[in-house]
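Scroll down for the structure; my scribbles are underneath it.
What you see below is based on every heavy atom in this structure, not just the backbone, and it leaves out hydrogens, waters and symmetry mates.
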Amino acid sequence: MTTHAIASDNHTYINQLSNHAGAEVVLKGWLYNMRSSGKILFPQLRDGTGVVQCVVLKNAISPELWEALKGLGQESSLVIRGTVRADSRAPGGYEIDVIDAEVLQQVHDYPITPKEHGTEFLMDHRHLWLRSRRQHAVLKVRHTVVQAVRNFLDNDGFTLCDSPIFTPAACEGTTTLFEVDYFDGEKAYLTQSGQLYNEATAAAFGKVYCFGPTFRAEKSKTRRHLTEFWMVEPEMAYATLDDVMNLSERMLSYIAAQVLEQRSEELKILERDTSKLESIVPPFPRIHYDDAVKFLHEGFEKGVLESKFEWGGDFGAPDETYISSQFKKPVMVSHYPAAVKAFYMARDPERPELALGVDVLAPEGYGEVIGGGERATSLEFLQEQIALHELPEEAFQWYLDLRRYGSIPHGGFGMGIERCTAWMCGIEHIRETIPFPRMLYRIRP
RNA sequence: UCCGCAGUAGCUCAAUGGCAGAGCAUUCGGCUGUUAACCGAAGGGUUGUAGGUUCGAGUCCUACCUGCGGAGCCA
């Protein structure tokens with residue numbers, strides 16, 4: 001087989017092998033691992049769609065090729081021509097009997113071996129770690145989460161209206177911003193949320209969403225935090241808190257169903273307990289902040305929680321975990337004290353000290369996966385709030401215009417793609433759910 | 001930023017204050033059905049950095065660096 005012939009052949013992907021049983025195919029990929037037994041080699045080939053074991057018999061190929069294949073290291077790139085054979089001993093159900101092969105590059109000393117490695121080493125080699133089966137599976141699930149989100153919203157009448165990444169000021173004013181030099185000495189900030197812009201586009205299109213990277217310069221060092229993460233934020237004109245909760249519930253259920261349907265192989269690799277995902281179906285329990293506080297007091301009395309929670313505060317990670325541990329499904333907690341929520345939240349007319357906001361807490365300790373609510377509609381109220389939070393009113397004039405010209409009840413939420421993906425996968429740390437994570441002390445590779 | 005833990009071969013880890021070790025990876029050899037294959041051999045070290053205690057420090061002390069886990073904050 002000449003180089004030209006093998007390189008230009010139409011080739012077959014490993015996940016399509018079942019359509020070619022008994023036929024001769026050309027596979028292009030990388031050596032995932034190799035075992036040998038005297039005059040027989042078992043190279044495992046990886047091509048991005050899957051891994052297949054090939055069988056090379058010494059007396060079936062040329063002596064030169066045998067020598068070349070025998071010495072291949074992990075991640076050598078090669079093209080293989082062979083026959084697809086169903087074999088019950090093979091993990092994927094099929095094996096390749098090798099007829100011919102071409103080695104594009106012979107590799108030695110690939111750093112990531114089939115044995116265990118530490119976190120720092122793997123993160124330093126993230127660009128190579130992505131080739132590993134488990135990382136591959138996590139990112140395929142991420143792909144399906146994103147696809148499900150977009151399909152769900154598109155099919156529900158939402159219009160994609162992306163918000164800017166450079167912003168002139170904080171959306172929420174409370175968290176830390178990444179500052180960048182714009183032109184002529186002006187500062188710009190990387191967006192923390194498309195929320196305020198969504199309210200403008202919702203007034204133009206009715207139901208909208210934005211989807212993109214967001215940035216938080218929080219010095220958080222936990223398994224749930226990245227400094228750069230992807231967020232989908234739907235916003236609906238003429239929507240109430242109930243509408244926002246209904247949408248959250250439907251969207252999360254749809255995502256879980258899609259992941260179960262499309263990523264069963266990957267969930268197997270990740271050893272995910274799929275019954276946990278199967279239980280993500282409406283209705284989700286909905287509890288009032290006051291009731292959540294009651295749970296926390298019970299938890300303290302039982303000795304599960306270390307300190308007694310004071311009404312009025314926001315929940316910490318152990319609090320969220322305790323509340324969500326009371327349920328098998330995601331739980332929606334609403335009517336938080338306004339003091340702990342963003343300035344643009346609408347107030348409960350019966351109890352003005354409460355905000356019409358909702359957090360969706362995922363089970364199994366994955367924490368707040370969605371945060372949202374109904375927005376305030378009154379121009380005067382928002383002006384007061386902006387002053388109260390010591391925000392620059394001038395920067396918010398365009399936003400206040402939305403209350404001057406056709407103000408309406410409206411609401412929406414934001415969902416972190418990585419937190420959702422970590423939850424779907426059942427994995428420990430959010431850093432594996434994005435190809436190249438950006439964290440407090442890590443911006444490389 | 002605060003609290004806790006760790007840093008020894010390319011990787012994962014051992015080593016009572018007393019000779020620096022193993023498995024994997026690499027190189028060489030053996031094996032016609034291996035499943036993180038196995039068997040044999042070889043090479044591979046300024047024990048994170050700088051001081052200190054001691055006859056003697058990978059081990060004890062101090063500072064710093066790097067990483068991990070957690071808190072606060074948040075999706």
Crowded around A:Glu353 CD? As in, over 12 foreign heavy atoms under 6.0 Å?
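Correct, the count exceeds 12.
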
Counting neighbours of CG on A:Leu160 that are heavy atoms of other residues, nucleotides or ligands and sit closer than 6.0 Å, is the number greater than 12?
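Atom CG in A:Leu160 is crowded, with more than 12 foreign heavy atoms closer than 6.0 Å.
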
[X], nearest nucleotide to its side chain (from [options]):
{"X": "A:Ile430", "options": "B:rA71, B:rG33, B:rA75", "result": "B:rA75"}
{"X": "A:Lys221", "options": "B:rC68, B:rG33, B:rC74", "result": "B:rC68"}
{"X": "A:Thr222", "options": "B:rC11, B:rG72, B:rG33", "result": "B:rG72"}
{"X": "A:Pro318", "options": "B:rA71, B:rA75, B:rA36", "result": "B:rA71"}
{"X": "A:Leu57", "options": "B:rU26, B:rU66, B:rU32", "result": "B:rU32"}
{"X": "A:His108", "options": "B:rU66, B:rC31, B:rU27", "result": "B:rU27"}
{"X": "A:Ile40", "options": "B:rU66, B:rG33, B:rU1", "result": "B:rG33"}
{"X": "A:Lys219", "options": "B:rU1, B:rU12, B:rA75", "result": "B:rU1"}
{"X": "A:Val55", "options": "B:rU66, B:rA71, B:rG33", "result": "B:rG33"}
{"X": "A:Arg419", "options": "B:rA75, B:rC31, B:rU27", "result": "B:rA75"}

When A:Arg131 is tested against each of A:Glu75, A:His136, A:Gln74 for side chain to side chain donor-acceptor pair (under 3.5 Å), which residue passes?
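Result for side chain to side chain donor-acceptor pair (under 3.5 Å) with A:Arg131: A:Glu75.
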
Tell me the partner of [N], counting only Watson-Crick (N1-N3 plus N6-O4 or O6-N4) or G-U wobble (N1-O2 and O6-N3) with both under 3.5 Å; none if nothing fits.
{"N": "B:rU1", "value": "B:rA71"}
{"N": "B:rC24", "value": "B:rG10"}
{"N": "B:rC38", "value": "B:rG30"}
{"N": "B:rU49", "value": "B:rA63"}

Are A:Phe229 and A:Ile434 close enough that some pair of their side-chain heavy atoms sits under 4.5 Å apart?
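SC-SC contact between A:Phe229 and A:Ile434 ruled out.
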
At 4.0 Å (heavy atoms only), tell me whether [X] reaches a base, stays on the sugar-phosphate, or touches nothing.
{"X": "A:Asn33", "result": "sugar-phosphate"}
{"X": "A:His429", "result": "sugar-phosphate"}
{"X": "A:Arg134", "result": "nothing"}
{"X": "A:Lys58", "result": "nothing"}
{"X": "A:Gly316", "result": "sugar-phosphate"}
{"X": "A:Phe121", "result": "sugar-phosphate"}
{"X": "A:Gln53", "result": "base"}
{"X": "A:Ile417", "result": "nothing"}
{"X": "A:Thr214", "result": "nothing"}

Hey, which sits more toward the 5' end of RNA chain B by its nearest nucleotide, A:Arg442 or A:Gly367?
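First, find each residue's nearest nucleotide; the 5'-ward one identifies A:Arg442.
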
For A:Met415 and for A:Leu440, locate the closest nucleotide of RNA chain B by heavy-atom distance; then report the residue assigned to the nucleotide nearer the 5' terminus.
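So the residue in question is A:Leu440.
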
Quantified in whole Å, what is the [atom1] atom distance between nucleotide [N] and nucleotide [M]?
{"N": "B:rU32", "M": "B:rU27", "atom1": "C1'", "result": "24 Å"}
{"N": "B:rU49", "M": "B:rU59", "atom1": "P", "result": "11 Å"}
{"N": "B:rC11", "M": "B:rA25", "atom1": "C1'", "result": "7 Å"}

Per the salt bridge (charged side-chain N to carboxylate O under 4.0 Å, His left out) rule, which among A:Arg142, A:Arg126, A:Arg223, A:Arg134 passes with A:Glu432?
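In the set A:Arg142, A:Arg126, A:Arg223, A:Arg134, the residue that makes a salt bridge (charged side-chain N to carboxylate O under 4.0 Å, His left out) with A:Glu432 is A:Arg134.
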
Do the side-chain N or O atoms of A:Arg431 get closer than 4.0 angstrom to the phosphate oxygens (OP1, OP2) of B:rG69?
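Checking B:rG69 against A:Arg431, a side-chain N or O does come within under 4.0 Å of OP1 or OP2.
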
Please state whether the base of [N] and the side chain of [X] form at least one donor-acceptor pair under 3.5 Å?
{"X": "A:Glu95", "N": "B:rG33", "result": "yes"}
{"X": "A:His225", "N": "B:rC74", "result": "yes"}
{"X": "A:Arg223", "N": "B:rC68", "result": "no"}

Compare the aromatic ring of A:Phe42 with the six-membered base ring of B:rG33 and state whether they stack according to the 5.5 Å and 30° rule.
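No, A:Phe42 does not stack on the base of B:rG33.
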
Euclidean distance, atom [atom1] of residue [X] to atom [atom2] of [N] [Å, nearest integer]:
{"X": "A:Glu120", "N": "B:rU12", "atom1": "CD", "atom2": "C1'", "answer": "14 Å"}
{"X": "A:Leu69", "N": "B:rU32", "atom1": "CG", "atom2": "C1'", "answer": "16 Å"}
{"X": "A:Arg216", "N": "B:rG72", "atom1": "CZ", "atom2": "P", "answer": "17 Å"}
{"X": "A:Met34", "N": "B:rG33", "atom1": "CE", "atom2": "P", "answer": "17 Å"}

Taking the six-membered ring for Trp, is the centroid-to-centroid distance between A:Phe396 and A:Tyr344 below 6.0 Å?
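No, too far apart.
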
Using the side chain to side chain donor-acceptor pair (under 3.5 Å) rule, take A:Thr49 and A:Asp47 through it: C-alpha gap first, then chi angles, then the decisive distance, then the call.
CA-CA 6 Å; A:Thr49 72; A:Asp47 76 344; 2.7 Å; yes

Determine whether A:Asp154 and A:Tyr209 satisfy the following criterion, side chain to side chain donor-acceptor pair (under 3.5 Å), listing intermediate values before the conclusion.
CA-CA 9 Å; A:Asp154 292 347; A:Tyr209 68 102; 2.7 Å; yes

